[in-house]
Amino acid sequence: MNYADKLVPNHIFDILRKCTVQSGVPTYVIGGYVRDLLLQRHNKDIDIVCVGSGIEMAELFVTLSGADTKVAVYKNFGTAMINIDDVQIEFVGARTESYRAESRKPIVESGTLQDDQNRRDFTINALAISLNEPDYGSLIDPFGGLEDMRNYIIKTPLEPDITFRDDPLRILRACRFASQLTFDIDPDTFEAMKRNKHRVEILSQERITEELNKIILSPVPSYGLKLLYYAEVLEIIFPRLVALKGAEYVDGKGHKDNFFHTLQVLDNVAKLSPNLWLRWAAILHDIAKPATKRYDPTHGWTFHGHEDLGAKWVPEIFKNFKLPLNEHMKYVQKLVQLHLRPIALTKEHVTDSAIRRLMVDAGPEIDDLLLLCKCDITSKNIDKVSRYLQNFEKVSQKIKEVEAIDTLRNFQPVITGEIIMEKLQLPPGKIVGEIKNIVREAIVDGIVPNEYEAALQYMYEVAKTKVIP
């Protein structure tokens, strides 16, 4: 089967074809680019394997292309990297690999194209297309990867226990590819994943988190997370998420399974936003429910304070996952902290004061908070969901009305601590903080406009109650 016509639109392959003619080195495009080419998916990473020196082929490519780019050489791995026209091309010599039990880093030796295909993780990633004369464009598919692709199957090219024992990251990659492509995992492959789950413990946290984030960013992220759960890997890499699993009953009263609820909220968010950190907020919004679960004979199951405890846990979770401890972490923490507030407003008469307070606390994240809360409305009772959504829309509309009047999205009180100390001749201390908070609350409640003169006058009145001479 020949795919030369599919290579034509990309001029990079014309240059690679010239490279093979001039060098005489057998060269192939292999792996993910071939897979996505056949699936008609966009891919800007091209892997080139040469039965010879990949570094020399990369240098020849730059010479023949005339491109103003440099070759990044990694001699320890025998690879070279080029960036051209927003495309990353990696050149590597064909190789064979062997592994030690305590590491996923292979011992590498030169090999044939067949050796190189044997070391690939899945059949759909072992596909290669020849860039050589006279079989330019021919597909080399020794493991039936094309057929697996047509059947939407993830399968290892060799015996699956060896594949996963050698490199346990492939267990996570199987779930990731299944989630990204909406493929099934071959039953024998999946059972081998379960048998070798303990091997995941040798992986670095960075590699685990990289695969996890790719699953979270997939079209239906719950699919990949469920595969990790049923492969018994999720309890190793994310035990706090698995702790949400299960519904407990007392006196016939039960609560929802918060694991599957969380996955549903995540999928709901994924339909509306590609924001990785908003998706993480969906994952963590109920993370502290197991720790706050209580049964009350009158009110049934409660999870009081789970939003506060969950927000408190966010920095630790981000640190453990080697996620950034910056504004992204603070963003997730804020959404976890506030995720009950908009829902609570649907259950009572909504005052402008309550809306203002929510908007001030949420700040520029108000829209994402509302999206998360809307996605958090899940139930098997369609009428209940419809009723909640209708009430939620009323709250959303009220927020728009108050926003139009007050411009609270980036609210900052006009009276600062510095102004209080200067005007009242006070040193830093508790009284300054109390006055600042009272003035702030009055502005949020609409008692005083957020204007300097009005707020300053109110500050002087408050100061009198603090017995300031």
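All residue numbers refer to positions in the sequence shown, counting from 1.
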Pairwise distance [atom1]([X]) to [atom2]([Y]) - rounded to 0.5 angstrom:
X    : Y    : atom1 : atom2 : answer
I287 : T292 : CD1   : OG1   : 11.0 Å
F318 : L284 : CZ    : CG    : 6.5 Å
I12  : I89  : CD1   : CD1   : 4.0 Å
T189 : E159 : OG1   : CD    : 9.5 Å
M193 : D186 : CE    : CG    : 11.0 Å
K155 : I185 : NZ    : CD1   : 13.0 Å

Assess the side chains of [X] and [Y]: does a donor N or O sit below 3.5 Å from an acceptor N or O?
X    : Y    : answer
H339 : D376 : no
D267 : S222 : yes
T302 : D296 : no

- [ ] With K289 as the cation and F303 as the aromatic partner, state whether NZ or CZ is under 6.0 Å from the six-membered ring centre and within 45° of the axis.
- [x]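 Pair K289/F303 counts as cation-pi.
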Given side chains that start at C-beta, do those of [X] and [Y] come closer than 4.5 Å, heavy atoms only?
X    : Y    : value
L227 : S179 : no
L372 : V269 : yes
I124 : L39  : no
T163 : N196 : no
L323 : N213 : yes
I208 : Q205 : yes
T182 : V220 : no
M329 : P315 : yes

If every non-hydrogen atom of [X] is compared with every non-hydrogen atom of [Y], which pair is closest and at what distance?
X    : Y    : result
V265 : A282 : CG1-CB, 4.0 Å
L217 : P274 : CD2-O, 3.5 Å
W301 : K293 : CE3-CG, 3.6 Å
R440 : V360 : NH2-CG1, 3.2 Å
F260 : Y230 : CZ-OH, 3.7 Å
Q337 : A311 : OE1-CB, 3.5 Å

Has the side chain of [X] got a donor or acceptor atom that lies under 3.5 Å from a matching backbone atom of [Y]?
X    : Y    : value
E90  : D47  : no
R173 : D121 : no
D167 : L169 : yes
Y458 : P449 : no
T209 : E206 : no
K334 : A362 : yes
N437 : G433 : no
H306 : A291 : no
T69  : N83  : yes
R199 : R165 : yes

TODO: Tell me, please, which residues at least two apart from D257 pass salt bridge (charged side-chain N to carboxylate O under 4.0 Å, His left out).
DONE: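 Scan of D257 (salt bridge (charged side-chain N to carboxylate O under 4.0 Å, His left out), adjacent residues dropped) gives K245.
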Open item on the list: So, using salt bridge (charged side-chain N to carboxylate O under 4.0 Å, His left out) as the criterion, who are the partners of K214 when residues are at least two apart?
Closed with: E210
Just wondering, are more than 12 heavy atoms of other shown residues or ligands nearer than 6.0 Å to [atom1] in [X]?
X    : atom1 : result
Q40  : CD    : no
Y295 : OH    : yes
H304 : NE2   : no

- [ ] Salt-bridge test for K6 and D36: reply yes if a basic N is under 4.0 Å from a carboxylate O, no otherwise.
- [x] no
Task: D445 and R357 ion-paired at < 4.0 Å - done: yes
TODO: Compute the centroid of each ring, for F321 and then for F238, and state whether the two points are separated by less than 6.0 Å.
DONE: yes
Task: Check: H255 ring centre within less than 6.0 Å of H261 ring centre - done: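 Aromatic pair excluded; centres sit 6.0 Å or further apart.
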Open item on the list: Among residues at least two apart in sequence or on other chains, which ones pass ring pair (Phe, Tyr, Trp, His ring centres under 6.0 Å) with F259?
Closed with: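 F259 satisfies ring pair (Phe, Tyr, Trp, His ring centres under 6.0 Å) with Y229 once adjacent residues are dropped.
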TODO: Walk me through it: do D367 and K374 pass the test salt bridge (Lys or Arg N to Asp or Glu O under 4.0 Å)?
DONE: CA-CA 11 Å; D367 290 336; K374 187 174 182 179; over 6 Å; no
TODO: In sequence, state the C-alpha distance, the side-chain angles, and the governing distance for L212 and W280, and then conclude on side chain to side chain contact (heavy atoms under 4.5 Å, CB included).
DONE: CA-CA 11 Å; L212 192 59; W280 264 104; 4.2 Å; yes
- [ ] Report the C-alpha distance between N118 and F143 in whole Å, list the side-chain angles of each, state the deciding distance to 0.1 Å, and finish with yes or no for side chain to side chain contact (heavy atoms under 4.5 Å, CB included).
- [x] CA-CA 9 Å; N118 286 346; F143 305 111; 3.0 Å; yes
- [ ] Please report the C-alpha distance between T79 and F91 in whole Å, then the side-chain angles of each, then the deciding distance to 0.1 Å, and finally whether the side chain to side chain contact (heavy atoms under 4.5 Å, CB included) criterion is met.
- [x] CA-CA 6 Å; T79 63; F91 294 81; over 6 Å; no
Open item on the list: I'd like to know whether I415 forms a side chain to side chain contact (heavy atoms under 4.5 Å, CB included) with K423, so could you lay out the CA-CA distance, the side-chain angles of the two residues, the decisive distance to 0.1 Å, and finally the verdict.
Closed with: CA-CA 11 Å; I415 301 300; K423 296 296 183 181; over 6 Å; no
